[in-house]
Amino acid sequence: MFKKLRRIKLSTINKARNTIPPFTAKTSILPNITLQLARIQERFGESSDLIVQKLDYVDDDSFYIGICYLEGLTDQQALHQEIMNIKVVTSKLEEHAYISEPKILLEATNGQITSVVEEEILINYLFEGSVAILINGMTEAFTVPVPGGERRSIQEPTSQTVIRGPKEGFVEDISTNIALVRRKIKSPDLHVKTLSVGRYTQTKVSILYMKGIAEPYVVSEILQRIQSIDTDSILESGYIEEFIQDGILTPFPTMLNTERPDAIAGGLLEGLVAIIVDGTPFVLMAPVTFSRFLTSSEDYYQRYDISSFLRLVRLASFFIALFLPSFFIAITTFHVEMLPTTLLITLAAQREATPFTTLIEAFLMELTFEVIREAGVRMPRAIGPAISIVGALVLGQAAVQAGLVSAAMVIVVSFTAISNFVLPSINMSSATRLLRFFLMILAGTLGLFGILIGITAIIGHLVSLQSFGVPYLDPTINKNNLKDIVVRVPWWKMKTRPTLITAQRTREGSNYAEQAKDQKPDPLS
């Protein structure tokens with residue numbers, strides 16, 4: 001099909017390197033195609049995945065086109081189709097000793113073409129899956145996007161499962177993730193701003209927000225903080241979270257991460273801002289408050305009474321996971337008079353043969369459960385669940401029979417661990433695990449008075465926290481936001497969005513359910 005289509009030989013490139021101008025930050029495209037392709041090859045260190053080819057259209061080599069691309073980042077089939085389209089205008093190209101107008105090349109392909117005059121920008125396009133087209137005698141190059149390569153398909157989220165609700169989750173491709181949100185919110189008011197962060201990785205970071213709903217100062221603050229990041233690499237959204245979050249010295253998360261597009265869409269419609277990072281399925285959302293970490297997407301898909309009951313269960317589980325071991329330590333160590341006599345005798349009989357104090361006993365059991373949990377996560381998926389379940393049962397039973405711990409302590413620690421798994425947010429679950437050890441130490445040294453000190457310190461810390469200017473406990477202390485905190489009222493009663501997060505509070509108008517509740521049913525109808 002072509003007169004000549006060959007890969008440039010290394011000997012040709014090696015000869016050209018002796019005359020290559022030095023590279024600078026804003027090096028322009030060289031008019032000599034051999035020198036330009038040789039310089040690109042040299043910058044990549046003669047990497048085998050960088051494909052450099054020369055397409056000749058006349059016998060004396062007075063005119064030819066060079067292309068280069070990264071093999072694993074391009075769609076090979078689409079790439080060959082683009083090269084075939086160049087043949088369509090071969091007759092036009094052969095009529096010119098040199099190319100004076102880019103419009104001649106624009107007829108050579110059906111793809112989206114970008115003109116580039118700097119080598120650094122050209123290389124960035126190569127990393128995005130584009131093929132670079134260089135023409136001898138021209139000081140500008142052209143790029144055609146043909147992204148490809150193996151990518152993970154859309155699957156159900158593994159970290160946030162629901163019984164009722166969408167089963168699709170984010171993937172590692174940023175374009176696919178943005179499209180998943182676009183499918184949920186079909187409005188031009190959904191704006192997307194994309195930045196590149198990381199000197200070496202040049203990771204794409206997109207900021208999504210609803211114009212007219214999100215507070216402009218929050219959007220500006222998030223953009224400013226991301227633009228101020230100066231680091232070598234951004235490999236996951238956790239990098240961004242640590243760089244821009246408000247509470248640096250706090251165990252509590254001030255940004256929410258999720259794999260669910262419906263959760264991001266719901267947050268955007270309440271005035272929140274989403275941050276999508278290329279290469280990870282976990283999308284960040286800010287600003288957030290404490291109550292959002294105790295809610296699940298499924299709360300809005302079930303009836304409000306069922307959702308309210310489940311929220312109360314989660315809230316109770318949060319307090320159990322945080323305070324149950326410390327209360328057990330305090331009461332059995334310092335305040336045994338608070339226990340009923342029968343229970344006190346039972347616990348005393350169990351602890352008669354145990355060699356450790358209640359505090360050390362609780363620490364040993366908690367650390368054992370943490371080790372088992374971590375082993376279950378890190379082990380291969382086929383044997384991980386077996387290790388966690390069997391390990392917990394065997395170790396717990398063996399520890400009781402050996403007299404190292406009491407049976408009551410095994411029950412307390414086990415119920416605490418189960419309650420910790422009820423929390424829908426992994427970040428909040430991790431914060432609870434850390435604070436539990438802190439409260440256990442206070443309970444083992446000062447009793448209930450120590451727990452009271454810990455609770456006061458935690459509440460004071462929560463009150464001082466902010467998430468991009470929004471108080472962390474705002475929905476809890478603001479009566480206008482109590483319709484969707486501990487319980488969820490029916491949708492037709494939530495006419496307004498939360499305050500301090502959104503610029504537009506009105507969410508809905510009059511609905512049938514609101515009108516029907518005041519009407520008496522007609523028995524003859």
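- At a threshold of 4.0 Å, the pair R311-D299 counts as salt-bridged, since one of the basic side-chain nitrogens sits closer than that to a carboxylate oxygen.
- Remark: the T280 side chain and the E172 side chain contain no N/O donor-acceptor pair separated by less than 3.5 Å.
- At least one side-chain heavy atom of F252 sits under 4.5 Å from a side-chain heavy atom of L462.
- Between R260 and E298 there is no salt bridge, since none of the side-chain N atoms of the basic residue sits less than 4.0 Å from a carboxylate O of the acidic one.
- Between atom CG of residue L367 and atom CD1 of residue I372 there is a gap of 11.0 Å, rounded to the nearest 0.5 Å.
- In this structure, K184 pairs ionically with E168, as a charged nitrogen and a carboxylate oxygen lie closer than 4.0 Å.
- Counting only heavy atoms from C-beta outward, the side chains of M210 and L272 never approach each other to under 4.5 Å.
- Annotation: the span from Q466 atom CD to T289 atom OG1 amounts to 12.5 Å, rounded to 0.5 Å.
- Using a 3.5 Å distance cut-off with no hydrogens or angles, the side chains of Q76 and T74 do pair a donor with an acceptor.
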Would V162 and Y301 satisfy side-chain contact (heavy atoms from CB on, under 4.5 Å), going step by step from the backbone distance to the final call?
CA-CA 10 Å; V162 295; Y301 306 145; 5.6 Å; no
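- The aromatic ring centres of F421 and F318 sit 6.0 Å or more apart.
- Between the side chain of S467 and the main chain of V288, a donor-acceptor pair closer than 3.5 Å is present.
- Under a cut-off of 6.0 angstrom, the local environment of CZ in R164 is sparse, with at most 12 non-hydrogen atoms contributed by other residues, nucleotides or ligands.
- A salt bridge is defined here as a Lys NZ or Arg NE, NH1 or NH2 lying under 4.0 Å from an Asp or Glu carboxylate O, and D230 with R199 meets this definition.
- Two residues are said to be in side-chain contact when any heavy atoms from C-beta on lie closer than 4.5 Å; I240 and L284 meet this criterion.
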Candidate pair L223 and I207, rule side-chain contact (heavy atoms from CB on, under 4.5 Å), full reasoning:
CA-CA 8 Å; L223 282 170; I207 295 90; 3.6 Å; yes
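- By the 4.5 Å heavy-atom criterion applied to side chains, S307 and Y300 are not counted as neighbours.
- Residue F293 qualifies as enclosed at atom CZ: its count of foreign heavy atoms under 6.0 Å is above 12.
- In terms of modelled atom types and a separation under 3.5 Å, the side chain of E71 and the main chain of I51 share no donor-acceptor contact.
- A 6.0 Å sphere centred on CG of L235 holds more than 12 heavy atoms belonging to other residues, nucleotides or ligands.
- In this structure a side-chain-to-backbone donor-acceptor pair under 3.5 Å is present from R314 to L294.
- Between D246 and R225 there is a salt bridge, with a side-chain nitrogen of the basic residue lying less than 4.0 Å from a carboxylate oxygen of the acidic one.
- For K193, the NZ atom counts as loosely surrounded, since its 6.0 Å shell holds 12 or fewer non-hydrogen atoms of other residues, nucleotides or ligands.
- To the nearest 0.5 Å, the span separating CG on L190 from CD1 on I178 amounts to 9.0 Å.
- Across all their heavy atoms, L122 and A132 have their closest contact at CD1-CB, 3.4 Å.
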Evaluate T203 against D278 for side chain to side chain donor-acceptor pair (under 3.5 Å), listing each step before the verdict.
CA-CA 6 Å; T203 307; D278 194 20; over 6 Å; no
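- Heavy atoms from other residues, nucleotides or ligands lying under 6.0 Å from CD1 of I163 number 12 at most.
- E118 CD to T139 OG1: the interatomic distance, rounded to the nearest 0.5 Å, is 11.5 Å.
- Taking the six-membered ring for Trp and thresholds of 30 and 60 degrees, F290 and Y472 have ring planes more than 60 degrees apart, a perpendicular arrangement.
- By the 4.5 Å heavy-atom criterion applied to side chains, Q202 and E128 are not counted as neighbours.
- By the 4.5 Å heavy-atom criterion applied to side chains, I33 and I135 are not counted as neighbours.
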